J.: 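Once you've had a glance at the structure underneath, I'll fire off some questions.
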Number of protein chains: 2
Amino acid sequence: MNDESLREAGLKVTIPRVKILEILTANKQRHMSAEDVYKTLLTQREEVSLATVYRVLTQFESVGIVMRHNFEGDHAVFELKENEHHDHLVCVRCGKVEEFVDETIEKRQQQIAKQANFKMTDHALNIYGLCGTCQ
Amino acid sequence: MNDESLREAGLKVTIPRVKILEILTANKQRHMSAEDVYKTLLTQREEVSLATVYRVLTQFESVGIVMRHNFEGDHAVFELKENEHHDHLVCVRCGKVEEFVDETIEKRQQQIAKQANFKMTDHALNIYGLCGTCQ
DNA sequence: AACTTAAATGAGAATCATTTGCATCTGGGC
DNA sequence: GCCCAGATGCAAATGATTCTCATTTAAGTT
Ligand SMILES: [Mn+2]
Ligand SMILES: [Mn+2]
Ligand SMILES: [Zn+2]
Ligand SMILES: [Zn+2]
């Protein structure tokens, strides 16, 4: 969540990385696309190129700082990984995303993976539907 | 699974649609990308453009003949929807996909959606990991 | 079987998100 | 301050998917 996490990950502490980390931290409740992060940088008069935003987010993902999601097929969204694991409810109309954790499901997944002889590294459960407002 | 399903869906019975339906039927066990379908058409000397493959697959999806998945962010894959609902185990190394259904999880999902006041229209549970061969 | 027309298709251009090549810049160790 | 691997900006390249538009075709109607 700060310069230290960058050093620990073996990444130089550069302006773009620090700024992007700040933005993600200030938006923990959201799921931001590269474009979202880029626009936020612009409003802060930060001179960071979109290409760098993509590069940094990808690096953050590979060192475990963020998690990438492909809720909709056309663009990825990211969120800080410090939050404990959780799954998502996605409104197919307004795009709203709610998070949840269900122990019963978590356990069953492990059993299913073991049964199929898969060594589970990750999983993603997305429930799509209409949120209260959109129904 | 045949011309009748096209008519029922209100779609004209055209060569491209029939051929694509045949290919999907002959590959029920797989999950095919638009490109996969297109290449298969080529090996059969069928003159169908890639644009049409995309159009047809999208139409098939909207009338419920196929289901679209976004396992990996960069391209979608499709499978006939006649098969009953199921979720997926995806090998992150070789791409192998296994299917499964778990009633416990299905039920919990409904409860979770109801609890969050979402009207669930669909859901996707993907368990990622290493398959037996790849471990 | 020929006539009619809305729907379907092919070919290629256009989009859009994401990636890359390359010249230039900079963080951090000495 | 010096050095250089790693980082960045910019623009061009990619790759999947969509769109435009001229041409063709399925299928209902004489
Ligand atoms: Mn989340
Ligand atoms: Mn499947
Ligand atoms: Zn909504
Ligand atoms: Zn495998």
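What you are looking at is a predicted structure, and each value in this text was computed from that prediction instead of being measured.
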J.: From the list dG10(C), dG9(D), dA8(C), which nucleotide is the closest neighbour of the side chain of Leu11(B)?
T.: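 Per side-chain heavy atoms of Leu11(B), the pick is dA8(C).
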J.: Tell me: OH of Tyr38(B) to P of dT17(D), nearest whole Å?
T.: 15 Å
J.: In whole angstrom, what separates Phe71(B)'s CZ from dA16(D)'s C1'?
T.: 18 Å
J.: Would a distance-only check, ignoring hydrogens and angles, find a side-chain to backbone donor-acceptor pair under 3.5 Å from Asn70(B) to Gly73(B)?
T.: no
J.: If you only use heavy atoms from C-beta on, which nucleotide in dA5(D), dA27(D), dG9(D) is closest to the side chain of Val48(A)?
T.: dG9(D)
J.: Whole Å only: how far is the CD1 atom of Ile15(B) from the C1' atom of dT9(C)?
T.: 12 Å
J.: Are any of Arg55(B)'s side-chain N or O atoms less than 4.0 Å away from OP1 or OP2 of dT9(C)?
T.: no
J.: Please give, in whole Å, the distance from dG28(C) C1' to Arg17(A) CZ?
T.: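 Value for this atom pair: 13 Å.
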J.: What's the closest nucleotide to the Lys12(B) side chain, out of dA16(D), dG28(C), dA6(C)?
T.: dA6(C)
J.: Side-chain donor-acceptor pair under 3.5 Å between Glu99(B) and His85(B), yes or no?
T.: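 Side chains of Glu99(B) and His85(B): no pair found under 3.5 Å.
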J.: Using OP1 and OP2 only, check whether a side-chain N or O of Thr14(B) sits under 4.0 Å from dA8(C).
T.: no
J.: With no hydrogens and no angle check, do the side chains of Ser49(B) and Thr52(B) hold a donor and an acceptor under 3.5 Å apart?
T.: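 Yes.
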J.: Quick check on side-chain contact (heavy atoms from CB on, under 4.5 Å): which of Val56(A), Val77(A), Leu80(A) does Val66(A) satisfy it with?
T.: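 Filter result, single survivor: Leu80(A).
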J.: Heavy atoms under 4.0 Å, any strand shown: does Glu47(A) hit a base, just sugar-phosphate, or nothing?
T.: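 Sugar-phosphate contact only - Glu47(A) comes under 4.0 Å of backbone atoms but never of a base.
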J.: Round to a whole Å and report the spacing from CD of Glu72(A) to P of dT18(C).
T.: 11 Å
J.: Given dA16(D), dG12(C), dG9(D), which nucleotide is nearest the side-chain atoms of Ala51(B)?
T.: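 The answer is dG12(C), which lies nearest to the side chain.
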J.: I need the CZ-P distance between Arg7(A) and dA7(D), as an integer number of Å.
T.: 14 Å
J.: Between Leu50(B) (CG) and dT20(D) (P), how many Å, whole number?
T.: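 In whole Å, dT20(D) P lies 18 Å from Leu50(B) CG.
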J.: Please tell me whether Arg93(A) and Gln135(A) have a donor and an acceptor in their side chains that are separated by less than 3.5 angstrom.
T.: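 Looking only at side-chain atoms, Gln135(A) and Arg93(A) do not form any donor-acceptor pair under 3.5 Å.
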J.: To the side chain of Thr52(A), which of dT8(D), dT17(D), dA17(C) is closest?
T.: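 Selected nucleotide (nearest to the side chain): dT8(D).
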J.: Can you tell me if Ser49(A) touches the phosphate of dG9(D), counting only side-chain N or O atoms and a distance under 4.0 Å to OP1 or OP2?
T.: yes
J.: Can you see if the side chain of Tyr54(A) gets near the phosphate of dT19(C) - specifically, an N or O under 4.0 Å from OP1 or OP2?
T.: no
J.: Tell me: NZ of Lys19(A) to P of dT8(D), nearest whole Å?
T.: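 Result: 14 Å.
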